[in-house]
There are 2 protein chains.
Amino acid sequence: METQDLKKAGLKVTHPRMKILEILERAPEHHLTAEDIYRKLLEEGEQIGLATIYRVLTQFEAAGLVNRLHFEGGQAVFELDRGTHHDHMVCSRTGRVVEFYDEIIEKRQQEIAKAHGFRIRDHSLILYGEFIDDESASES
Amino acid sequence: METQDLKKAGLKVTHPRMKILEILERAPEHHLTAEDIYRKLLEEGEQIGLATIYRVLTQFEAAGLVNRLHFEGGQAVFELDRGTHHDHMVCSRTGRVVEFYDEIIEKRQQEIAKAHGFRIRDHSLILYGEFIDDESASES
DNA sequence: TGCGATTATGAGAAAGATTCTCAATTTTTT
DNA sequence: AAAAAATTGAGAATCTTTCTCATAATCGCA
Ligand SMILES: [Zn+2]
Ligand SMILES: [Zn+2]
Ligand SMILES: [Zn+2]
Ligand SMILES: [Zn+2]
């Protein structure tokens, strides 16, 4: 039940907020732009304004319900915060996103920060490239 | 002599390109937005259009002369490519950017990619937080 | 050095992404 | 149910970046 998530986050339970959460929960890609969410809602007959989507996503982010990612290409991408941190690998060819978590890298980041007198609040590690598998299907 | 850099990159030597290169070379911050460059040029009496700056930076990037970074906040940041790869630490308070390079992290990235059948073309690692030093000067 | 072909520039328009404004609607409280 | 408070939707506004196209600068060659 998602209403609990919203209440727990100190946000009032409204129809747009519920629907946006639902989309984020159900999307198999996991990583969606505000426009993606807007289109998916339209497809389901929900007429929720784009401004509301951006507004709600920002509230969700502040509440720790979603994470905002900055892949190259300008548009921000959002994903549900599933409680476990991870980083990303993005295929330039297909746009496919794969998540990974590496203890060694996470630990090194802390060590590097400490050595520089820096307190890490957040970080972003993104690998750009291609999956060898996707190599077969080449487009003209 | 910067004209060599341009010629080597297969770019014609024009006044705007030279000036933009100069600004990038002289800036102590090293990391500048297109607007930053635009303002610095204006201050020096150079009247170069913002469109030209974006255009030239994109050409420089394609030629490997500069790198484009995507810090959070939308605006792209550019820096001269000094031949050695490095990653970034950004202070949310002051905007200060510190560079670092860690062999262990670089190596782990390759290992992770290999394990996923992924060929890395590029990557971006950014640590966001604060420098403990900068803590003294608190605002409001 | 001077010309002409080619390429680059500048200004403003245009596009893309995100935020803002505010009247109307929905939620919550009384 | 009514009043008070918060949220929404539509479009305007803003911000960053790209595009268009007439003008200007660059480069190879005579
Ligand atoms: Zn991480
Ligand atoms: Zn993710
Ligand atoms: Zn690196
Ligand atoms: Zn740098």
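Letters A, B, ... are given to chains in the order of the sequence lines, protein chains preceding strands, and every chain is numbered from 1.
- Note: B/H116 and A/F100 have tilted aromatic rings, judged against thresholds of 30 and 60 degrees for the angle between ring planes.
- Heavy atoms only, all atoms of each residue included: B/F78 and B/V66 are closest at CD2-CG2, 4.4 Å.
- The minimum heavy-atom distance linking A/H86 with A/T84 is given by the pair ND1-O, 3.4 Å.
- Atom CG in B/L50 sits roughly 11 Å away from atom P in C/dG10 (whole-Å rounding).
- Proximity of A/L65 to A/D81: side-chain heavy atoms (C-beta onward) are nowhere separated by under 4.5 Å.
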Enumerate, atom names and distances included, each donor-acceptor pair closer than 3.5 Å involving a side-chain atom of residues 42-57 of chain B, sequence neighbours excluded.
| residue | atom | partner | partner atom | Å |
| --- | --- | --- | --- | --- |
| B/E44 | OE1 | B/R26 | NH2 | 3.2 |
| B/E44 | OE2 | B/R26 | NH2 | 2.3 |
| B/E46 | OE1 | B/H15 | NE2 | 2.7 |

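- Only B/V56, listed by number, bring a heavy atom of residues 56-78 of chain B to less than 4.0 angstrom from any atom of DNA chain C.
- Under the 30°/60° scheme for interplanar angles, the aromatic rings of A/H31 and A/F71 are found to be tilted.
- Checking A/E103 against A/Y101 by side-chain atom types alone, a donor-acceptor pair falls below 3.5 Å.
- Not counting sequence neighbours, the partners of B/R108 by the salt bridge (Lys or Arg N to Asp or Glu O under 4.0 Å) test are A/D102, B/E111.
- Side chain of A/Y38 to main chain of A/T33: no donor-acceptor pair is present (N/O by atom type, distance under 3.5 Å, no hydrogens or angles).
- With rounding to the nearest 0.5 Å, the separation of CD1 in B/I104 from CD1 in A/I105 is 10.5 Å.
- The overall bend of the helix from C/dT1-D/dA30 to C/dT30-D/dA1, read as the angle between its terminal helix axes built from five base pairs each, is 30° when rounded to 10 degrees.
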Under 3.5 Å between N/O atoms: give me all the protein pairs with nucleotides 22-30 of chain C, atom names plus distance.
none

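- Side-chain contact annotation: A/H30 with A/E25, donor-acceptor N/O pair under 3.5 Å absent.
- No side-chain donor-acceptor contact under 3.5 Å links B/E99 and B/H85.
- Rounded to whole Å, atom C1' of C/dA11 lies 16 Å from atom OH of B/Y54.
- Of all heavy-atom pairs spanning B/F131 and B/C91, the tightest one is CD1-CB, 3.6 Å.
- Protein chain A touches strand DNA chain D; the 5'-most and 3'-most nucleotides with an atom under 4.0 angstrom of its non-hydrogen atoms are D/dA6 to D/dG11.
- A/E35 comes within 4.0 angstrom of no nucleic acid atom, judged by non-hydrogen atoms across all strands.
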